[in-house]
Amino acid sequence: MVPSQVAANCAKRKAHGVEDSPSKKAKSDIPGYNDSPQEEYDIVDRQFYPPEMENERCKQYNTSAIERPIETFEEAQRETQSERDKTRVKDAVVHWFKCDLRITDNKALHLASAKAKSRSVPLICIHIVSPQDYKAHVTSAVRVDFVLRTLEVLKEDLAQLDIPLYVETVAKRKAIPNRIFELCEKWGASHLYTNIEYEVDELRREALMTRTGVSNGVAVHAVPDTCVVAPGELSSGTGNQYSVYSPWFRAWLAYLHTHPHQLDLFDPPNKNPEDARRNFKDLFECEIPEAPENKKLTDEEKKRFRSMWPPGEHEARERLGKFLSEKVHHYADARNIPAGNSTAIVSVHLSSGTLSARTAIAAARDANSTKKLDGGEKGIVGWISEVAWRDFYKHVLAHWPYVCMNKPFKPEYTNIQWEYNNELFQKWCTGMTGYPFIDAAMRQLNHTGYMHNRARMAVASFLAKDLLIDWRMGERYFMEHLIDGDFASNNGGWGFSASTGVDPQPYFRIFNPLLQSERFDADGEYIRKWVKELEGIEGKAIHDPYGRKATKAAEKAGYPKMCVDHKESRERCLKRYKEGLGRDTA
DNA sequence: AGTTGATTGCT
DNA sequence: GCAATCAAC
């Protein structure tokens, strides 16, 4: 949105009678309140706003007027193409690692290496740590720790190839692009390679750097890598973007069928020229930093998380291999059972790029009896579809960028009156709701930085529908605690659960937490593992320890009673959604 | 990737 | 009583 459009929207708002509520701080006083989505790449600090204010704020954007940074980016690429093509290779080529922390099957890294080799100059790798960026993205401390540990593995692997990995901390994220250009100049690098990220600020940054690189003497090559099928490649018969998974998935499969080379893997980089170690001695000696102040783990947490989450791409491929050779055969039947061990648990690797989604899909294809993505073994086909959800949500993010601005995908859902009951929210966060299955899930998250997918859906539905708490508070809590927190998947999943997202999930689809428990944790194994108060309860009573079959055991152990009644909550939820959507409540 | 309540047909 | 089925939320 250009400033004149912002003004026009303001006028429109006035015309529609949208006024500041007098009880709240004047909106113009909120820093960033009037930021247009096309503001130059800068921090949009989501933590600043109380959620109820955020809901007001997000009503103000005219979603159809928000520019799509993917178009801005493509335009930047077109405009600079010839200039970038004729940039001569100078003394070095740089690859910038972001969420692609691997050397195997990494497109930008592969291209960077090929470029360097073509002129026999060294490849230099960099990674920038920015505390402000972590803050803006609500990155969990456990995830930061995982990334920093992965950098050690990466540095080691690169060193084997005489390639340095230079890691620098840049406090303000707005300063990152220029700092990178400075480094390029210092090293005499005229080519910078990196894989595209699709969140709004990130995509804006890729566009900005593609453009400003030209005047800084650096040809910036931001390439699509993180998705198996790049956003923009798929559109419906009428040329529109898909917002429903099933037709999108059919198009995704068809695309890969006609473009089989999209599943060819990229080779690791070549070895650097011999003098690289001498010439860049200081870079080889650079140390991986400690976690910044705002993302420190306690000693106890370090001990706990590090043993659970070994870093690096070797671990990632080992998990993938083990999954495809052993577990995938039971996947179709068992993937919804959180107590089991039936899933690949590679989410952390997909989100930090220690595993390429392309590698994962290609390996699943090769493990299939048909050697194809569809047909053949049910477990494999099912798993491919699950990995494809990740692509789907990134496509949605790229084409409906306002989901990055705390807006629901469906604008009419901004009118739902959410609850902001902190006491209930805290019960949800700490796993003290009195619903054993929900509490088990939340405690698994708090203890391990991970939660089974089925459990994620159950707790999300419980927060949004039973507690009617603003789903964005849950979305944030997940990001603050998940080791695999990825914006697109997390946001997409929460939108799905709250029925405000893509994919038609009617608002009246409300999970029954007790039914979910009985169906997906029939023996109560998951509950007993995570809710120690209920460990001794036998049989079906575990699902509802104060219900008909109850003994005194739960009370003795101090387990809380249900914080809300599901039947009442369900009715309240249906009513509130109807009101918000302006439907007849009769 | 749902739940509920009513109805039906069976024991 | 109880499971299967179906429409409506």
Side-chain angles (χ1 to χ4, degrees), chain A residues 242-250 252 331-338 340 342-344 347 378-379 381-396 408-410 412-413 416 435 437-438 441 451-468 471 474-475 478 486 488-522 526 540 543-544 547-549 562 564-586:
Chain A
Y242 293 101
S243 60
V244 178
Y245 179 75
S246 311
W248 175 90
F249 183 55
R250 277 194 292 276
W252 185 86
Y331 183 74
D333 302 320
R335 70 181 197 86
N336 269 316
I337 309 299
S342 56
T343 62
S347 51
K378 250 174 93 187
V381 173
W383 192 70
I384 288 172
S385 166
E386 294 304 314
V387 178
W389 274 98
R390 177 181 170 277
D391 263 27
F392 176 61
Y393 282 136
K394 286 198 188 287
H395 286 212
V396 169
F409 177 80
K410 296 177 189 139
E412 63 269 30
Y413 282 78
I416 292 172
Y435 282 85
F437 189 62
I438 302 298
M451 195 195 293
H452 186 278
N453 181 57
R454 167 57 55 182
R456 292 189 201 201
M457 291 192 284
V459 302
S461 175
F462 189 80
L463 185 81
K465 304 217 164 139
D466 282 78
L467 302 182
L468 262 182
W471 56 276
E475 181 197 5
F478 268 30
D486 167 80
S489 296
N490 189 48
N491 177 270
W494 275 94
F496 182 91
S497 292
S499 300
T500 62
V502 275
D503 222 50
Q505 154 91 333
Y507 64 83
F508 47 76
R509 249 184 221 174
I510 299 166
F511 282 27
N512 179 328
L514 295 181
L515 254 183
Q516 290 282 312
S517 183
E518 281 172 22
R519 242 180 238 165
F520 302 113
D521 190 33
Y526 185 60
K540 297 282 171 201
H543 303 290
D544 182 6
R548 281 190 299 127
K549 298 167 197 155
M562 290 173 179
V564 291
D565 174 78
H566 176 65
K567 195 162 184 269
E568 281 170 23
S569 303
R570 182 174 186 273
E571 277 158 25
R572 180 179 68 155
C573 175
L574 287 167
K575 186 160 166 280
R576 200 68 72 81
Y577 270 68
K578 277 184 194 165
E579 283 165 4
L581 295 168
R583 306 262 168 90
D584 194 358
T585 51

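Values in this document were obtained by computation on a predicted structure and should not be read as measured data.
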### Query
Heavy-atom contacts under 4.0 Å between residues 506-521 of chain A and DNA chain B, which residues?
Phe508(A), Arg509(A), Ile510(A), Phe511(A), Asn512(A), Leu515(A), Gln516(A), Arg519(A)
Tell me: [atom1] of [X] to [atom2] of [N], nearest whole Å?
{"X": "Lys465(A)", "N": "dC9(C)", "atom1": "NZ", "atom2": "P", "value": "16 Å"}
{"X": "Ile337(A)", "N": "dA1(B)", "atom1": "CD1", "atom2": "C1'", "value": "14 Å"}
{"X": "Tyr393(A)", "N": "dA1(B)", "atom1": "OH", "atom2": "C1'", "value": "9 Å"}
{"X": "Phe462(A)", "N": "dG2(B)", "atom1": "CZ", "atom2": "P", "value": "18 Å"}
{"X": "Asp565(A)", "N": "dT4(B)", "atom1": "CG", "atom2": "P", "value": "11 Å"}

For a quick test of reading the model: is some side-chain N or O of [X] closer than 4.0 Å to OP1 or OP2 of [N]?
{"X": "Arg454(A)", "N": "dG2(B)", "value": "yes"}
{"X": "His566(A)", "N": "dT3(B)", "value": "no"}
{"X": "Asn336(A)", "N": "dA1(B)", "value": "yes"}
{"X": "Arg335(A)", "N": "dA1(B)", "value": "yes"}

### Query
Any idea how Tyr507(A) and Tyr577(A) line up, ring-wise: parallel (<30°), tilted (30 to 60°), or perpendicular (>60°)?
parallel
### Query
Parallel, tilted or perpendicular: which describes the rings of Trp389(A) and Phe496(A), with under 30° parallel and over 60° perpendicular?
perpendicular
### Task
Provide the closest heavy-atom pair for Ser489(A) versus Tyr393(A) in the form atom of the first, atom of the second, distance.
CA-CD1, 4.0 Å
#### Entry: Nearest-0.5 Å distance, CG of residue Leu467(A) to CZ of residue Arg572(A)
7.5 Å
### Task
Mind checking salt bridge (Lys or Arg N to Asp or Glu O under 4.0 Å) for Lys394(A) and listing every partner two or more places apart, or none if nothing turns up?
Asp486(A)
### Message
Restricting to ring pair (Phe, Tyr, Trp, His ring centres under 6.0 Å), what partner residues turn up for Phe409(A), sequence neighbours left out?
### Response
Trp400(A)
### Summary
Lys567(A) has its side chain closest, among dG5(B), dT4(B), dA1(B), to dG5(B)
